[in-house]
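Since the structure comes first, as structure tokens, the remarks are kept for the end.
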Amino acid sequence: MADTLFERATNSSWVVVFKALVTTHHLMVHGNERFIQYLASRNTLFNLSNFLDKSGSHGYDMSTFIRRYSRYLNEKAFSYRQMAFDFARVKKGAEGVMRTMVPEKLLKGMPILQGQIDALLEFDVHPNELTNGVINAAFMLLFKDLIKLFACYNDGIINLLEKFFEMKKSQCKDALEIYKRFLTRMTRVSEFMKVAEQVGIDKGDIPDLTQAPSSLMETLEQHLNTLEGKKGSSSALDLLWASLHLLLQSHHQTLHHQKL
């Protein structure tokens, strides 16, 4: 089935190619896990970075989203290949995969998850560009993936913060960089959610993403400075846990009340 979809994706018509991509994505989400395992085992997937349907102005417009969408599906399969699981399918919450992952694996896995989220956000569609059923179907699949991926992302960040003071200096540096990237992605995720709201997705299905307190970043940097022999405060640990409590309230609860 996967090989047939790859063959359909070589068609010159944007309609045929886009439908092949949507079908592939649907099977990755709802099909037997062997389907995504097979995609992850392949050296190459969709080679559509130069796709262009020149049959009309609509073909030009949709070609842009085909190129972006295919990149995300490639990244989704690549993530599975690297982690041996699908971030969107794993258990979430306090007993979930990302919350219970050991620091070494977490520091490896978070950049992979970040890469998948980045590829999804690069779909970058505006409400007035969702002009037909095919792109709408793709957008809905992306929206549902993003909710699940960001829940994993949030779990991973909480896990990193909980273990931050137990990490070695090099690990703290990596964790701090991951957290900084998390904050920048918060804005982009919020923008994607605004598009979802504008096209009629129920507000109850859209998480309210609240920014983490600024004191949290200051505390993490202060602890790293202490490890590096720079001036630091002995009260940093207490401040971290106070900030972490706020983070748990503002992010974790808003995401996990939903049916993920």
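Keep in mind that this is a model prediction, so the values were computed, not measured.
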ask   = Who are the ring pair (Phe, Tyr, Trp, His ring centres under 6.0 Å) partners of F46, not counting sequence neighbours?
value = F6

inquiry  = If we ignore hydrogens and angles and just use 3.5 Å, is the side chain of K163 paired with the main-chain N or O of L161 as donor and acceptor?
reply    = no

message = Treating E129 as the side-chain partner and H126 as the backbone partner, does any N or O pair qualify as donor plus acceptor under 3.5 Å?
response = yes

query = About how many Å separate CE of M110 and OH of Y179, when rounded to the nearest 0.5 Å?
reply = 11.0 Å

task = May I have the step-by-step check of side chain to side chain contact (heavy atoms under 4.5 Å, CB included) for M98 and L106, ending in yes or no?
result = CA-CA 7 Å; M98 300 303 286; L106 191 61; 3.9 Å; yes

message = So, taking the atom named CZ in F164 and the one named CD in Q171, what distance separates them when rounded to the nearest 0.5 Å?
response = 10.5 Å

key: Side-chain (N11) to main-chain (V16) donor-acceptor, under 3.5 angstrom   = no

note = Between P103 and M167, the two heavy atoms sitting closest are CB-CE, 4.3 Å

inquiry  = I'd like to know if E177 pairs up with R181 as an ion pair, taking the criterion as any Lys NZ or Arg NE/NH1/NH2 lying under 4.0 Å from an Asp or Glu carboxylate oxygen.
reply    = yes

request  = Could you grab the distance from atom CD1 of I66 to atom NZ of K19, nearest 0.5 Å is fine?
outcome  = 12.0 Å

ask   = Which residues pass the salt bridge (charged side-chain N to carboxylate O under 4.0 Å, His left out) test with R8, sequence neighbours left out?
value = none

ask   = Are the side chain of E162 and the backbone of N159 linked by a donor-acceptor contact shorter than 3.5 Å?
value = no

query = Would you call R42 and D3 a salt bridge, taking side-chain N to carboxylate O under 4.0 Å as the test?
reply = yes

message = Before we go on, tell me: are the rings of F85 and F87 under 6.0 Å apart, centre to centre?
response = yes

Beyond-backbone contact of L142 with V125, side-chain heavy atoms, under 4.5 angstrom = no

inquiry  = Please check this pair: side chain of S63 against backbone of D53, looking for a donor-acceptor N/O pair closer than 3.5 Å.
reply    = yes

request  = Could you please spell out the steps behind the side chain to side chain contact (heavy atoms under 4.5 Å, CB included) verdict for R89 and E33?
outcome  = CA-CA 10 Å; R89 287 193 178 203; E33 193 169 354; 3.8 Å; yes

query = When you measure from the side chain of N136 to the backbone N and O of N132, does any donor-acceptor pair fall under 3.5 Å?
reply = yes

query = Do you see a donor-acceptor pair shorter than 3.5 Å between the side chains of D145 and H25?
reply = yes

inquiry  = For the CE atom of M62 and the CG atom of L52, what is their distance to the nearest 0.5 Å?
reply    = 13.0 Å

request  = Identify the heavy atoms of P111 and L107 that sit nearest to each other, and give their distance.
outcome  = CD-O, 3.1 Å

ask   = Centroid-to-centroid, Y153 to F182, below 6.0 Å?
value = yes

message = Would you compute the distance between atom CZ of R34 and atom OG of S41 and round it to the nearest 0.5 angstrom?
response = 13.0 Å

task = I would like to know whether V134 and F139 meet side chain to side chain contact (heavy atoms under 4.5 Å, CB included); could you show each step before the answer?
result = CA-CA 9 Å; V134 185; F139 180 78; over 6 Å; no

